[in-house]
Amino acid sequence: MASNQIAISRRSNWLQRSVAQLFHDLGAWLYVVAVVVLATVLAFVYLAQASYAARQIELMVDLEKKLDLLHEENSILRLQIAGHEDPSRIKAEARAMGLGEATRVEYIEVLLDEAGPLARGNTTQSLPGSGANSGQLSALQGRNGVTAWPDVRFVSSIAQQFQGWISKGTAGLGTR
Amino acid sequence: MNTARQDRLDRRRFALGAFLLILAAAAIGRLAYLQVRLPQVVPVDNRGTENFQPKRGSIYDSHGYLLAASSTVYDIGATPYQIEDKEALADRLAFALQEPRSEMLAKLKQELSYVQLKRGVDRSLAETIKSWKVPGLQADPRASRVYPHAALAVAVLGFVNEEQEASHGVEARYDEELGGEAGFRVAARDAMGSVIYRFYPPQHGVDLYLTLDRNIQYAVEEALAKGVARTGASEGLVIVMEPKTGAILAMAVYPTYDPNTREVTDASVFVNHAVSATYEPGSVFKVFTIASALDAGTITPASTYYDAGQIVVGGRTIKNSDSLAYGQTTIPNLLAYSLNVGSATVSTQMGARRFYEYIRRFGFGQLTGVDLAQETAGWMRAPGNPEWHESDLGTNSFGQGLAATPLQVLTAICAVANDGAMMRPYIVTRMVDGATLTETTPRMLRQVVSPEAAQQTTEMLVHAVDNVDAVHQAVAISGYSIAGKSGTSQVYTPSGGYDPQETIASFAGFAPADDPRFAILVVLDRPQKEQWGTQAAGPVFREIALQLLTLLAVPPDSVRLAGLSGSGVH
């Protein structure tokens, strides 16, 4: 009984000494643990970066392949369009539709600058006439820029235009 | 005892702590080194480098119509010994590739490590063949140059072969720009010893936009082919140029070929004769003689000379082509009736030094600087050259005894049309490299003759077209003033001397004469049915000019000039 008590007492003393020693030495061990943790964190960061880069490269390669495929398909479509636009094909189709070269080209007077009745509001309409330029346009307009209508010059220009057509384009109008 | 034991324990703890610290320091040091230091690129081996071919740029006409583009095609091949059921595969391939079964089977039975079954199939067919998953059967992609309009403008474009080698024309001249730069990926080892790849992407080629107008080119090629067929000529060519800028609107050479297949019996058809071949321009050259003499003050439009039907220059007798004497003749009639005696009279009056100085200024014997491959400078003898003879002064004045390229002749005609200012001919109007645009600006080479001399010469050329019946019938267009001159030159034979039977017929001119929108040169080599320039080349000129007037929307002179004079037509 007494020997048992002595044994327990010795074990208890050893444990107390060990714990005391551990606490004594803990300061040095903490540094070691901190260093190991730091090294692990750095290694983890490194591996995470490498892994991320690898994933991005894989993604880029995939996208690049898709881009190449799209380029290839685009190239095929462009060539198909060019084939459809081939002048000889267009000409053959036009002929099949009964079209042919113009045998007579008539040049008529068309003035784009004079404002007419349809110019009132938001619409701009070209009207035939003669000598259209900014000066004449101003002359046709009133003080507030409202077109004077009907205008003698406008009527005469229409008459001149139709005269040209009636006389088969020879009255000052080029034909060939 | 306790103290000794304690010392031992302390030493062990110290050793363990020191060891762990050194280990941690080494790990940190290594990690820091790897993070901070750039990876050390160490090539793994030769197989570690992979090339990435750049995409060759496309070629467009001035309106953006595609003339040449790169595409990917596939070569179907097989490794015969890996194929188990050759009979069944030959059946499938014959159907898919539209080739004879026997041919397919014969190829598959060859004892080779690789046999090619068909080249250049499209992607859908290649995908179909790949989907069979037959071991030993493969579809290898490769770049291919496609010309969607086949032979259209091939003389200008040139071609790129299967090995991606550019030949002739724009393809060769702009090979570097069109081709781009190859990219590559290098396998290397980083500091950890792991394999990494460094990628240098390819620089794709630029896109080229030409001065050519696809519709004009088509019309020109059609008219030329008809002209060659009508006259029985062996070859022919046409160039259309804008005199005010030097932009080449069309350039056609006949016979032609399909650049996609290049199946020709004679490789000389690949050569663009408009810039790489020379000919004796004949009487078209009189235009330059007269313009030079007018500029030099040797003659005026009112000058006359006595045409005795022949003249001796340097001991050589020169006669008119019809061997007739025209008596007292005006300079406009010299040009109108294309009189050799008059031309030689004018050049001798100018004197050799001045005459050849002007001819050089017109660009003969020099490169025009056009941006096409394989341009040649032509050939001309001049005083100082040991081969030059005094008689050359006479013969050169009407375009014999010298060799010029058709492009040189048209560039010189354009100088006359453009008030004496010679523009550098060019074919590429802009280069597009991604977002970067490089435009070609027209460049004046020199003022060859004064505007007055050029205009006086132009008036004489209009007079020639309007007043000589044969010329008028061949080239005149109602409502438009045409300035033009025919040329009929003899063909120099390799054995020396001229072939008495053969001629080179040509016609050069421009319209509208007072404000030229285009200049055309038509050259027909050895026409059999019509040998004279006016009759052989004139109708081709007229047909092209007619179409150009429509395509370029040029109003008749009456409309245009009325508009210019402010009478209300615009």
Side-chain angles (χ1 to χ4, degrees), chain A residues 21 25 28-29 31-43 45-46 49-50 53 57 60 64 68-69 71-73 75-76 78-91 101-102 105 107-113 129-133 136 157 160 170 172-176, chain B residues 6 9-10 13-14 16-17 20-21 23-25 27-28 30-32 34-35 55 58 65-67 69-72 122-124 141 146-150 152 192 194 197 199 201 214-215 217-219 222 477-480 546-547 549-550 555-560 562-563 566-570:
Chain A
Q21 187 62 44
D25 297 336
W29 281 105
Y31 288 113
V32 173
V33 170
V35 165
V36 170
V37 167
L38 186 64
T40 309
V41 168
L42 287 173
V45 169
Y46 175 78
Q49 279 186 340
I57 288 168
M60 280 166 60
E64 205 174 347
D68 282 346
L69 199 65
H71 275 310
E72 197 179 322
E73 284 173 356
S75 173
I76 291 167
R78 282 169 61 216
L79 288 168
Q80 278 178 0
I81 291 167
H84 288 305
E85 289 176 337
D86 189 71
S88 55
R89 179 184 170 278
I90 292 169
K91 189 172 182 178
E101 282 89 358
V105 178
Y107 288 84
I108 58 172
E109 295 180 45
V110 177
L111 300 181
L112 301 175
D113 294 343
S130 61
N133 55 39
Q136 286 169 330
S157 70
Q160 188 187 356
T170 53
L173 306 171
T175 58
R176 61 182 172 84
Chain B
Q6 187 64 41
L9 274 172
D10 286 346
R13 284 194 195 104
F14 179 78
L16 182 64
L20 287 172
L21 273 172
L23 200 66
I28 290 166
R30 181 68 177 158
L31 282 170
L34 294 176
Q35 290 291 316
K55 289 183 182 65
S58 300
Y65 285 110
L66 188 66
L67 298 175
S70 286
S71 182
T72 304
D122 62 28
R123 189 165 64 88
S124 61
V146 183
Y147 302 89
H149 303 306
L152 188 78
M192 294 280 282
S194 307
Y197 292 97
F199 180 55
R214 185 193 68 152
N215 295 324
Q217 180 72 30
Y218 180 77
E222 207 175 38
I477 297 172
S478 175
Y480 293 91
L546 255 176
Q547 299 216 39
L549 290 167
T550 306
D557 293 349
S558 58
V559 176
R560 186 171 49 83
S567 65
V569 182
H570 294 259

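Just so we're on the same page: letters track the sequence lines, and every chain starts at 1.
- Residue Glu72(A) touches chain B through its side chain alone, counting heavy-atom pairs closer than 4.5 Å.
- Neither the backbone nor the side chain of Gln80(A) comes within contact range of chain B; no heavy atoms are under 4.5 Å apart.
- The shortest side-chain heavy-atom distance between Tyr218(B) and His149(B) does not fall under the 4.5 Å cut-off.
- Not a single donor-acceptor pair under 3.5 Å links the side chain of Ser75(A) to the backbone N or O of His71(A).
- One finds no salt bridge joining Asp86(A) and Arg214(B) here, because no Lys/Arg side-chain nitrogen approaches an Asp/Glu carboxylate oxygen to under 4.0 Å.
- The main-chain N or O of Leu79(A) is never found under 3.5 Å from a side-chain atom of Ser71(B) such that the two would form a donor-acceptor pair.
- There is no contact between Gln547(B) and chain A, counting heavy-atom distances below 4.5 Å.
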